[in-house]
Peer 1: 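I have a structure here, written as structure tokens, and I will follow up with some questions on it.
Quick note: numbers below take in every heavy atom, side chains included, and nothing from hydrogens, waters or symmetry partners. Numbered from 1 within each chain, the chains take letters A, B, ... in sequence-line order.
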Number of protein chains: 2
Amino acid sequence: MASSTGSSPGLRSDARRNVERIHIAAVEAFREQGLAVPLEEIAAAARVSKATIFNRLGGRVGLIDAVIGDVVAGELRGVIDDARSVAGARERICFYVRAIRDLQYRLPAVNDVLLQEFPDSEKLMALCHAGGAFHETLVAEGHAAGVLAQGLTPDDFHALTLNNALALKYGGLPSKPDYDRRTAFVLGGICGPVQRPS
Amino acid sequence: MASSTGSSPGLRSDARRNVERIHIAAVEAFREQGLAVPLEEIAAAARVSKATIFNRLGGRVGLIDAVIGDVVAGELRGVIDDARSVAGARERICFYVRAIRDLQYRLPAVNDVLLQEFPDSEKLMALCHAGGAFHETLVAEGHAAGVLAQGLTPDDFHALTLNNALALKYGGLPSKPDYDRRTAFVLGGICGPVQRPS
DNA sequence: GATAAATTGACCCGTTCCGTCAACTTATGG
DNA sequence: CCATAAGTTGACGGAACGGGTCAATTTATC
């Protein structure tokens, strides 16, 4: 699924080389600046013209579909999988909130996924739905274990993530220490009345 | 300070009438749609051409300065004053957070103020700083009374408000019940968790 | 070196709104 | 009533931003 480059039917050699370059440049640009980065910039980094991105990949949506696996899918699914394996509902929720917020800070592209920019990209939407589904089970487990604030719905939980995505996308980046401190306050608001038993 | 219209030097009668119309239309449009509403729309509502807004008020910034008092200043200062008169640090903070979030929901223009869109408007910036200053004292009082989460800074508190402004501005509006429920979770995260003397 | 594949720069597009100006209209006072 | 200055306005150009396209050119391949 990840690190592709292995898909090139009867393409001419130069075309194959360009597809590869574009792929590499797109992954880097998307990871650093999010999925809305100008195609011109990707093209320049790949030493290729913008038109080639259209010819080979079919514009931004095609490009996103082609590289999203290397941009965010791995990390996002990784966070979810890691969270799944954490024992204890409270610990699992705390771990996940910290991990997803950290990922949102590091990788602007996750926010584009969560916010469903580019709804024409099927893979992006699939990823987004996977996240939503996980949030549902997390909240359900949290309530079953009685560790979540009364009345907190899966949508409330999801909104937490979306609000953070919007803040990071449209506001200025706080320093990491500030951000992490605020993560703790967010957690305190949803994660049951009892504090860490330390 | 509020409901002006009383400022018209040697203007011709039609000009005075237009200033008044523009004023009224701007207050309504700004309150309903925020300070970024197209000037064309205000002009249309005032049955006047866009150019007249430039002639009489000097464009968007002049217009904002002219009407901000009737758009948000009253309500915003009202919330702060009401909060000031609430006894008890915890109660004061809870009151303020609920009130300001309610205002942000009802009046998109407050968010434009808090986010400092239109930094060229002196009055807007003054309002914004007034808010920031109040946040400082609120947090200081909260810590003095030991009712705020450990380590919460004035900036953290302010960021809470800004994040909400961004979410409301760039995200979809949640239903009021959803929004109010989430207000409670936000409060829970900062307002000393159920005062558990540990 | 013929030929089809591929690339590309230059181009136009759409969006959105701001701000301006010459030409026109209207209020005013004598 | 009309001269004149004050006021209004529609039409215009502009900026910012990036998407998407195509005729002309270059390049790989046999």
Peer 1: According to ring-ring contact (aromatic ring centres under 6.0 Å, His included), who are the partners of Tyr105(A), at least two apart in sequence or on a separate chain?
Peer 2: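 By the ring-ring contact (aromatic ring centres under 6.0 Å, His included) rule, Tyr105(A) matches Tyr179(A).
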Peer 1: Take atom CD in Glu122(A); do more than 12 heavy atoms of anything else shown fall under 6.0 Å from it?
Peer 2: no
Peer 1: Produce a footprint string for nucleotides 18-30 of chain D: one letter per nucleotide, 5' end first; B if the base is under 4.0 Å from any protein heavy atom, S if only the sugar-phosphate is, - if neither.
Peer 2: SBBBB----BSS-
Peer 1: In this structure, how many angstroms lie between the P atom of dT8(D) and the CZ atom of Arg47(B), rounded?
Peer 2: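 Going from CZ in Arg47(B) over to P in dT8(D) covers 14 Å.
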Peer 1: Which whole-number value in Å describes the distance from Leu57(B) CG to dT9(D) C1'?
Peer 2: 16 Å
Peer 1: Do the non-hydrogen side-chain atoms of Arg84(A) and Phe134(A) ever get within less than 4.5 Å of each other?
Peer 2: yes
Peer 1: Assess, by modelled atom type and distance only, whether the side chains of Thr161(A) and Asn164(A) contain a donor and an acceptor separated by less than 3.5 Å.
Peer 2: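 Result is no, nothing qualifies.
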Peer 1: Residues two or more places apart in sequence or in another chain: which of them pass salt bridge (Lys or Arg N to Asp or Glu O under 4.0 Å) with Glu28(A)?
Peer 2: none
Peer 1: Hey, is the side chain of Asn18(A) poking within less than 4.0 Å of OP1 or OP2 on dT7(C), counting only N and O atoms?
Peer 2: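 Yes, Asn18(A) has a side-chain N/O under 4.0 Å of OP1/OP2 on dT7(C).
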Peer 1: Between the side chains of Arg98(A) and Thr183(A), is a donor N or O closer than 3.5 angstrom to an acceptor N or O?
Peer 2: no
Peer 1: Between dA6(C), dT8(C), dT9(D), which nucleotide gets closest to the side-chain atoms of Arg56(A)?
Peer 2: dA6(C)
